[in-house]
Amino acid sequence: MPKLSQLMIRTALLWLGVGFSVGGLVLLAKDVPFWPALWTWRLSHVYMLLLGWMVQLACGVAFWILPRLDAAGSRGNEQLAWLCYGCLNGGVALASLYGPLAAARWPAGGAIWEISDWRWEIRDCSYQLAVSSWQLAHRQRSRFAGNATGWHADRREESAWLCAEDPSLRSG
Amino acid sequence: MYLQARVFIRTALAYLLAALLLGGLVLVNQGLNFSPYIAAFQPVFYHLLTVGWLTQLIFGVALWMFPVLSKQRPRGDERIGWLAYATLNGGLLLRVVFEPLHAWGFTSVGALVLSALLQVVAGWAFVFAIWPRVKGKAEYKNREPRTKNRNDER
Ligand code: HEM
């Protein structure tokens, strides 16, 4: 598994853990309402889980297993895929903080953080960049048909290796 | 496909069916308004789809196809995977029953607290189960010389 896929999948796993924990707190607060502002974290948990967890996991796995471009195993333009990693996570972090920060108040009632619309625009631009860089990076790989190198060949090699000593694994 | 992956994926398919039936009901009710109670199922519908179906399917497929850990224990400690399975489904089922009841004004006697805790444990258990299997070069590549044509091994 290439470095970038490892990083994307691990970051996705962290968003899974954090997103489930935030969702868990919001659910728990339905029974034991201990902090009203927790409700503003509801949308944060949606961004963390839909984009940070699911979309990012799909990207990490795709970068790993989609057919390679040539016999040397090239994965296309990796810089663009790294750009996607940065933008996707920047966007998820900004989107997750937006709700809670916009709702935060000093005891006297004033807003702690004056949030204007341009912050939304950074988040949106960030998502746009993530999507475009991803598409550019993967345009060719999703069309390429051969799989003599890459994930499929690796799995064949791996199962041959596992089955060599334990034939009972062969059917699985 | 080994047993644990099959169990995750079959359960996920059952949730897909349940989610689509419930989602259909919620949407039809939004148009025809035949019962004021049905709207309370909206969050349940979302989570049957995203937790019961999508996340559970991902768990099963990842446990099945991520690189193996070692020859002796290809998938690491499978008990962590079973813990994730039990807590994810226990937590989600509790939510399916008690979240609508809560919305209709009944007390849920701590069931939603338990549901939340179970699901949080499920999320982190899966993270721990799969984390060591997110890794670079597989062991077999370091140990055995490559064959001339890898397709011969099919
Ligand atoms: C992949 C996993 C998940 C996804 C994609 C997801 C997505 C969503 C979505 C789309 C909403 C609706 C937000 C709205 O109506 O504005 C929501 C609400 C909510 N989620 Fe999740 N969720 C996930 C997992 C969880 C988990 C594991 C928990 C609890 C342990 C949780 C707790 C909640 C709560 C309490 C709400 C508010 C429900 C309400 O509106 O009454 N979520 N989630």
Side-chain angles (χ1 to χ4, degrees), chain A residues 1-3 5-32 34 42 45-46 48-50 53-54 57-58 60-61 64-65 146-166 169 171-172, chain B residues 1-3 5 43 46-47 50-51 54-55 58-59 61-62 64-68 71 74 88 91 95 98-99 102-103 107-124 126-128 130-131 133-141 143-144 146-147 149-151 153-154:
Chain A
M1 194 187 289
K3 270 264 153 336
S5 290
Q6 289 180 45
L7 192 66
M8 281 189 139
I9 295 172
R10 291 217 158 119
T11 315
L13 287 170
L14 291 179
W15 283 126
L16 166 74
V18 176
F20 263 43
S21 304
V22 172
L25 281 174
V26 178
L27 187 62
L28 184 149
K30 284 193 172 192
D31 247 358
V32 188
F34 62 99
R42 188 175 93 265
H45 118 279
V46 177
M48 290 172 185
L49 290 168
L50 281 178
W53 158 235
M54 291 192 182
L57 183 89
V61 172
W64 170 36
I65 73 173
N147 68 355
T149 51
W151 184 82
H152 300 86
D154 287 353
R155 293 288 80 73
R156 276 198 298 275
E157 225 173 71
E158 184 177 270
S159 57
W161 170 72
L162 277 176
C163 294
E165 277 177 18
D166 183 358
L169 286 170
S171 60
Chain B
M1 196 187 289
Y2 78 123
L3 177 72
Y46 287 154
H47 292 87
T50 58
V51 180
L54 288 172
T55 298
I58 293 174
F59 283 10
V61 174
W64 168 41
M65 65 159 240
F66 271 28
V68 295
K71 206 159 193 164
L88 189 79
R95 180 175 191 176
F98 287 96
E99 198 174 31
H102 178 271
T107 162
S108 47
V109 287
L112 289 180
V113 176
L114 182 61
S115 158
L117 290 177
L118 287 173
Q119 290 180 80
V120 173
V121 169
W124 286 110
F126 176 73
V127 173
F128 282 111
I130 208 74
W131 193 270
R133 292 179 57 192
V134 182
K135 59 180 197 158
K137 260 204 175 23
E139 201 182 331
Y140 67 88
K141 289 204 165 171
R143 288 206 181 150
E144 283 167 21
R146 286 206 172 176
T147 47
N149 181 355
R150 296 208 230 166
N151 289 329
E153 291 182 6
R154 210 182 309 213

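So that the names make sense, note that chain A is the first sequence line, chain B the second, and so on, each numbered from 1. Scope of the values below: all heavy atoms of this structure, side chains included, with no hydrogens, waters or symmetry mates. This structure is a prediction, so every number in the text was calculated from the model and none was measured.
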Heavy-atom pair with the smallest gap, counting every atom of [X] and [Y]:
X	Y	result
T50(B)	M54(A)	O-CE, 3.4 Å
H102(B)	K30(A)	NE2-O, 2.8 Å
D31(A)	L112(B)	OD2-N, 3.1 Å
G24(A)	A116(B)	O-CB, 3.2 Å
P67(B)	M1(A)	CD-CE, 3.8 Å

Using heavy-atom distances under 4.5 Å, tell me whether V26(A) contacts chain B through its side chain, its backbone, both, or neither.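 V26(A) has no heavy atom closer than 4.5 Å to chain B.
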Interchain contact, L49(A) with chain B, by part (heavy-atom threshold 4.5 Å):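 When you check distances to chain B, no heavy atom of L49(A) falls under 4.5 Å.
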Using non-hydrogen atoms only, which part of A103(B) is less than 4.5 Å away from chain A: side chain, backbone, both, or neither?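 Neither the backbone nor the side chain of A103(B) comes within 4.5 Å of chain A.
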Between V51(B) and chain A, with a heavy-atom cut-off of 4.5 Å, which part of the residue counts as in contact: side chain, backbone, both or neither?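 Only the side chain of V51(B) comes within 4.5 Å of chain A.
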Rounded distance [0.5 Å steps], [atom1] in [X] versus [atom2] in [Y]:
X	Y	atom1	atom2	answer
L118(B)	L27(A)	CG	CG	10.5 Å
W53(A)	T55(B)	CH2	OG1	6.0 Å
I9(A)	F66(B)	CD1	CZ	4.0 Å
L16(A)	I58(B)	CG	CD1	8.5 Å
L13(A)	W124(B)	CG	CH2	9.0 Å

Does the plane of the ring in H45(A) sit parallel, tilted or perpendicular to the ring in H47(B)? Use 30° and 60° as the thresholds.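 H45(A) and H47(B): parallel rings.
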Can you list everything that forms a ring pair (Phe, Tyr, Trp, His ring centres under 6.0 Å) with F20(A)? Sequence neighbours excluded, please.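 In terms of ring pair (Phe, Tyr, Trp, His ring centres under 6.0 Å), with neighbours along the sequence ignored, F20(A) is linked to no residue.
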